[in-house]
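Data block below; observations after.
Starting from 1, each residue takes its place in the sequence as its number.
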Amino acid sequence: KMGYIAEQQEGLEGALGQLGEITSMKTEMAEDTYGMNLGQSMFQTGQNLYGLTRQGQSAAARTGFANSEQVQTQTQRAMDAGVQSFGFQRQGLQDVLGQKLMDIAEFKGAEEGRIQSEQSRLRYEMKEAKAQSNKKFLGVFG
């Protein structure tokens with residue numbers, strides 16, 4: 001029985017060691033996903049702003065000098081809205097990343113607690129098994 005308990009204790013030690021690796025991998029994946037999505041958002045925003053600039057230049061050329069101020073104002077408003085939209089997207093991605101990192105920390109804490117609780121139980125069982133073994137060795141039966 002003591003050998004079986006010792007094997008379980010070794011397995012828990014290994015699981016505790018792997019927990020750090022698992023949470024590191026989960027964290028890295030969450031950060032990579034954030035970076036990729038942020039990059040896509042930045043690229044899309046850049047394309048949109050470039051498109052707005054080209055459209056504004058084209059519209060200003062068609063309408064002439066008299067209306068170019070109005071076109072420029074509308075173009076600037078559209079560009080400001082695009083930049084603001086990117087800010088909201090970035091904030092949303094940061095919120096998602098923060099939530100994922102918090103979930104990972106909670107997962108790690110819960111698993112550590114579970115493993116430590118199991119280790120305590122096994123230490124107690126090992127003491128009991130040793131006590132039983134000593135009783136049998138001494139010829140005392142309980």
With the side chain counted from C-beta on, respond yes when [X] and [Y] share a heavy-atom pair under 4.5 Å apart, and no when they do not.
X: Gln91; Y: Phe86; answer: no
X: Arg123; Y: Gln9; answer: yes
X: Gln119; Y: Leu16; answer: yes
X: Gln55; Y: Leu52; answer: yes
X: Gln8; Y: Leu12; answer: no

Could you measure the distance from the [atom1] atom of [X] to the [atom2] atom of [Y]? Nearest 0.5 Å is fine.
X: Ile22; Y: Thr27; atom1: CD1; atom2: OG1; result: 11.5 Å
X: Gln94; Y: Gln99; atom1: CD; atom2: CD; result: 14.5 Å
X: Gln57; Y: Arg62; atom1: CD; atom2: CZ; result: 12.0 Å
X: Leu101; Y: Tyr34; atom1: CG; atom2: OH; result: 11.0 Å
X: Ser24; Y: Lys108; atom1: OG; atom2: NZ; result: 7.0 Å
X: Leu93; Y: Leu97; atom1: CG; atom2: CG; result: 9.0 Å

Return the minimal non-hydrogen interatomic distance between [X] and [Y], and the atom names on each side.
X: Val71; Y: Gly56; result: CG1-O, 3.4 Å
X: Ala129; Y: Ile5; result: CB-CD1, 4.2 Å
X: Met2; Y: Lys130; result: SD-CG, 3.3 Å

Discussion item. Count I, L, V, M, F, W, Y as connected when their side-chain heavy atoms are under 4.5 Å apart, and connections chain through other members. Are Ile104 and Ile115 then in the same cluster?
Written reply: no
Item to complete: Tell me yes or no: between the side chains of Arg114 and Ser117, is some donor less than 3.5 Å from an acceptor?
Response: no
Could you go through residues 37-45 and list every donor-acceptor pair under 3.5 Å that involves a side-chain atom there, pairing it with any protein atom two or more places apart or in another chain?
{"unit_1": "Asn37", "atom_1": "ND2", "unit_2": "Thr33", "atom_2": "O", "d": "3.4"}
{"unit_1": "Ser41", "atom_1": "OG", "unit_2": "Gln89", "atom_2": "OE1", "d": "2.3"}
{"unit_1": "Gln44", "atom_1": "NE2", "unit_2": "Asn48", "atom_2": "OD1", "d": "3.2"}
{"unit_1": "Thr45", "atom_1": "OG1", "unit_2": "Ser41", "atom_2": "O", "d": "2.8"}

Discussion item. Does anything in residues 6-29 form a salt bridge (Lys or Arg N to Asp or Glu O under 4.0 Å)? List the pairs, not counting sequence neighbours.
Written reply: none
Donor-acceptor contacts, no H, no angles, side chain residues 77-84, under 3.5 Å, sequence neighbours left out:
{"unit_1": "Asp80", "atom_1": "OD1", "unit_2": "Gln76", "atom_2": "NE2", "d": "2.8"}

Discussion item. Is it true that, when you exclude Phe107 itself, more than 12 heavy atoms of the residues, nucleotides or ligands shown sit nearer than 6.0 Å to its CZ?
Written reply: yes
